[in-house]
Every structure is written in C-alpha cells, then in structure tokens.
Amino acid sequence: MKTVATHKFTQPIVIIGVGAAVAAALAGGVFLLNTPLPASQPPPEMAERPVTLPDGEQLYVQRHEVTVAEWNLCHADGGCTLKLHTRNGFTPDTTPATGLSFVDVSEYLRWFNEATRHDFRLPTTAEWEHMAQTVLPEEPDPIFTDPSLTWASSYLNEGLTPRALKPQGSFSTSPEGVVDLDGSVWEWTQECYSGTEADPDRCPAFFVGGEHLAAVPFLVRDPARGGCAVGSPPAHLGMRLVSDTPVGS
C-alpha cells in the first residue's frame, strides 16, 4: 500500500531509496513513500481456465512447466544458484527445467514472486492429483491377487509413462488447458513427507507429482541416484507454479 505524505518543503528534496522505498519530490509537491517498483518479469502463461477444486475454490495453474529459458533468467539475475543447459536438439524455450532440487525450486519461487509482484507457490499433493486426474492413466488391476505379492504387482505396474525428456506439449492437455501433467517430468509440491504440519525448513523430503506421488529428499536433483522414499524413482524433477488469485490481480 502506498503511504502519502502532504508536508510542504521550502527547498527541493530528492529522496533516494533502496528496493521499494523510492520517492522523489519538488518543493511544495506531494511525494510517495514505499512505492512498489514495477515488475521486472512478465507473469507466466497460465491455463485457459482455473482448476475448480473439490471445495469449490479455484486454482490458477501455469500452462506449462517452467522451462530452461525461464529458469536461466533467474540464474542470470542472481536469484538461482543453478544454471541449466539443454542437450543437442533441444531448445531452452520449450525444454522443461529439470534436475531441480527442492532447494533450487525454493530459490526460483522467491525470485519469481519478487520479479513478477505476484504470489505464486507450489501446489499441494491434493491439488496436484486433482488437476492431473483427467489425464493420468487409470491405476491398473493388480497382476497378482495374493496379498503377499502386492509389492510385486506394484513393481511390475509402475513405469508406464515414457521416461525420456521431451519438449513441452508432447503429452496430454487437461480440460482446463494444463499441459504435460502426465509427462516424464515429476513436479515438486509444497507438501512435506513427514506431514502437512511439519516445518518446511526442517522437512527431509517433499512429495513430487507424476505417474504416482513420490517422496524425494529435498537436496536431490537426480532421483535415479538420490532415490525416493515412496514408489519407483521419478524420471526428471521439475516444477509448475500455481496461484490462489488470478494473475494480474
């Protein structure tokens, strides 16, 4: 909120501030304090329609996963430690940003919210599953009926989604216009493996959404090497932003 002062001065005054505290005035004029700086980054492309959650609330979802090009803007601006590269045949503008730990994702969120002047976040697991339910394949029937072999059924049924990294738009689009939720990139959620009441700063692992929910240690960038706490390892770790309010509001 802007704070307006109406004091008059007999001499010209120029106030030079830092960050949002920038103001300037001439003698006899009105000056503004704590005027927000304009956004330095445009908002992301959002899905055509918000996702309506079971409780009736609406969730505004980024259409595509964050790309390599978008990520490297954060690195170039000093907000993200990690710099990403693309393989031959891939372009940064259409390649999902992958190889991201929860720490990396948190850096991007802080930078992007400051750069866009909007409040984005990661989805919860319930939100992620709800917005992906129309494009994820149905859970197959168990291969073995013996309860003692449940683990074997789960093992053999997993890995149905192609694991190769592909450009954005290579997989399905939800009715709301959210793309690639059923792709080979698992997306970080904000939910701690130890429970929703756990302190995020002390959480050892967070859930990622993909072919199934998996819990991944917060420092892991390559789940094939770092492992995951639940289910088979995700192929790639990326991110998608959501917001509780329309972008631009």
Side-chain angles (χ1 to χ4, degrees), residues 43-67 70 96-98 100 102 105-106 108-109 112-113 118-142 154 157-163 166 168-198 200 203 205-216 218 223 228-249:
E45 181 185 4
M46 307 299 285
E48 287 90 346
R49 295 184 299 280
V51 175
T52 302
L53 301 172
D55 62 2
E57 294 294 321
Q58 292 189 320
L59 185 69
Y60 301 86
V61 183
Q62 188 175 11
R63 178 172 174 80
H64 299 284
E65 291 146 340
V66 173
T67 66
E70 291 170 330
T98 58
L100 308 179
F102 190 85
V105 166
S106 299
Y108 185 87
L109 268 174
F112 197 71
N113 283 340
H118 192 85
D119 188 18
F120 292 100
R121 61 176 177 84
L122 298 176
T124 65
T125 54
E127 290 169 344
W128 197 94
E129 287 188 299
H130 183 75
M131 66 190 189
Q133 65 181 351
T134 58
V135 297
L136 288 180
E138 294 185 5
E139 186 174 346
D141 294 331
S154 299
N157 281 329
E158 287 177 345
L160 300 178
T161 299
R163 298 181 66 83
K166 296 184 178 182
Q168 61 182 204
S170 297
F171 298 93
S172 303
T173 300
S174 76
E176 296 83 6
V178 186
V179 181
D180 295 336
L181 288 166
D182 59 340
S184 57
V185 178
W186 268 248
E187 300 171 6
W188 285 101
T189 75
Q190 63 174 270
E191 204 149 318
C192 179
Y193 177 55
S194 298
T196 56
E197 300 301 321
C203 181
F206 289 83
F207 283 104
V208 295
E211 180 183 332
H212 57 80
L213 288 178
V216 178
F218 73 107
C228 67
V230 175
S232 60
H236 309 278
L237 296 178
M239 68 179 297
R240 187 189 307 265
L241 303 171
V242 302
S243 175
D244 297 308
T245 57
V247 174
S249 65

Student: Could you tell me which residues satisfy side chain to side chain contact (heavy atoms under 4.5 Å, CB included) with A132, sequence neighbours excluded, listed by chain and number?
Tutor: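 Once residues adjacent in sequence are excluded, the partners of A132 under the side chain to side chain contact (heavy atoms under 4.5 Å, CB included) criterion are W128, L136, L181.
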Student: Strictly by salt bridge (Lys or Arg N to Asp or Glu O under 4.0 Å), give each pair with a member in residues 124-134 just once, sequence neighbours left out.
Tutor: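 Qualifying pairs: R121-E127.
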Student: For F102, which residues count as a ring-ring contact (aromatic ring centres under 6.0 Å, His included) partner, sequence neighbours excluded?
Tutor: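 Expected list: W188, F206.
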Student: Using ring-ring contact (aromatic ring centres under 6.0 Å, His included) as the criterion, list what pairs up with F120, not counting sequence neighbours.
Tutor: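 F120 satisfies ring-ring contact (aromatic ring centres under 6.0 Å, His included) with F112, H118 once adjacent residues are dropped.
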Student: Taking the side chain as every heavy atom from C-beta outward, state whether T173 and V135 have any pair of such atoms under 4.5 Å apart.
Tutor: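 A side-chain contact is absent here, since even the closest heavy-atom pair is not under 4.5 Å.
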Student: Could you tell me which residues satisfy side-chain hydrogen bond (donor to acceptor under 3.5 Å, both in side chains) with Q62, sequence neighbours excluded, listed by chain and number?
Tutor: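 If we apply the side-chain hydrogen bond (donor to acceptor under 3.5 Å, both in side chains) test to Q62, skipping adjacent residues, there are no hits.
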Student: Could you tell me which residues satisfy side chain to side chain contact (heavy atoms under 4.5 Å, CB included) with Q133, sequence neighbours excluded, listed by chain and number?
Tutor: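 Residues passing side chain to side chain contact (heavy atoms under 4.5 Å, CB included) with Q133: H130.
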Student: Taking the side chain as everything from C-beta on, heavy atoms only, tell me whether L59 gets closer than 4.5 Å to D244.
Tutor: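 Side-chain contact under 4.5 Å: yes.
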Student: How would you list, by chain and number, every residue that makes a side-chain hydrogen bond (donor to acceptor under 3.5 Å, both in side chains) with E57, sequence neighbours excluded?
Tutor: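 So E57 forms no side-chain hydrogen bond (donor to acceptor under 3.5 Å, both in side chains) with any residue.
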Student: List the residues meeting side chain to side chain contact (heavy atoms under 4.5 Å, CB included) with P43, not counting sequence neighbours, and say none if there are none.
Tutor: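 Expected list: V247.
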Student: Output the distance between atom CH2 (W186) and atom CZ (R163), rounded to the nearest 0.5 Å.
Tutor: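 So the CH2 of W186 and the CZ of R163 are separated by 5.5 Å.
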Student: What's the shortest heavy-atom distance between P234 and P223, and which atoms?
Tutor: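 The answer is O-CG, 3.1 Å.
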Student: With sequence neighbours excluded, tell me which residues meet side-chain hydrogen bond (donor to acceptor under 3.5 Å, both in side chains) with Q168.
Tutor: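 Here no residue qualifies.
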Student: Who are the side-chain hydrogen bond (donor to acceptor under 3.5 Å, both in side chains) partners of E70, not counting sequence neighbours?
Tutor: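 Once residues adjacent in sequence are excluded, the partners of E70 under the side-chain hydrogen bond (donor to acceptor under 3.5 Å, both in side chains) criterion are T67.
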Student: Might you work through the side-chain contact (heavy atoms from CB on, under 4.5 Å) test for V61 and E176, ending with a clear yes or no?
Tutor: CA-CA 9 Å; V61 183; E176 296 83 6; over 6 Å; no
Student: Please check this pair: side chain of E191 against backbone of T125, looking for a donor-acceptor N/O pair closer than 3.5 Å.
Tutor: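 At least one qualifying donor-acceptor pair exists.
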Student: Measure from the side-chain N and O atoms of T189 to the backbone N and O of F207, and report whether any donor-acceptor pair falls under 3.5 Å.
Tutor: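 Yes, the answer is positive, given that a donor and an acceptor are paired below the 3.5 Å cut-off.
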Student: Scan H64, R63, R240 and name whichever one has a side-chain contact (heavy atoms from CB on, under 4.5 Å) with V178.
Tutor: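 Exactly one candidate clears the test, R240.
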Student: Can you confirm whether M131 sits close enough to P123 that some side-chain heavy atom of one is under 4.5 Å from a side-chain heavy atom of the other?
Tutor: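 Yes; the side chains approach each other to less than 4.5 Å.
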Student: Going by side chain to side chain contact (heavy atoms under 4.5 Å, CB included), name the residues that satisfy it together with S170, two or more places apart in sequence or in a different chain.
Tutor: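 S170 satisfies side chain to side chain contact (heavy atoms under 4.5 Å, CB included) with K166, P167 only.
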Student: Are side-chain heavy atoms of L122 and L109 found at a separation under 4.5 Å?
Tutor: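 L122 vs L109: side chains touch.
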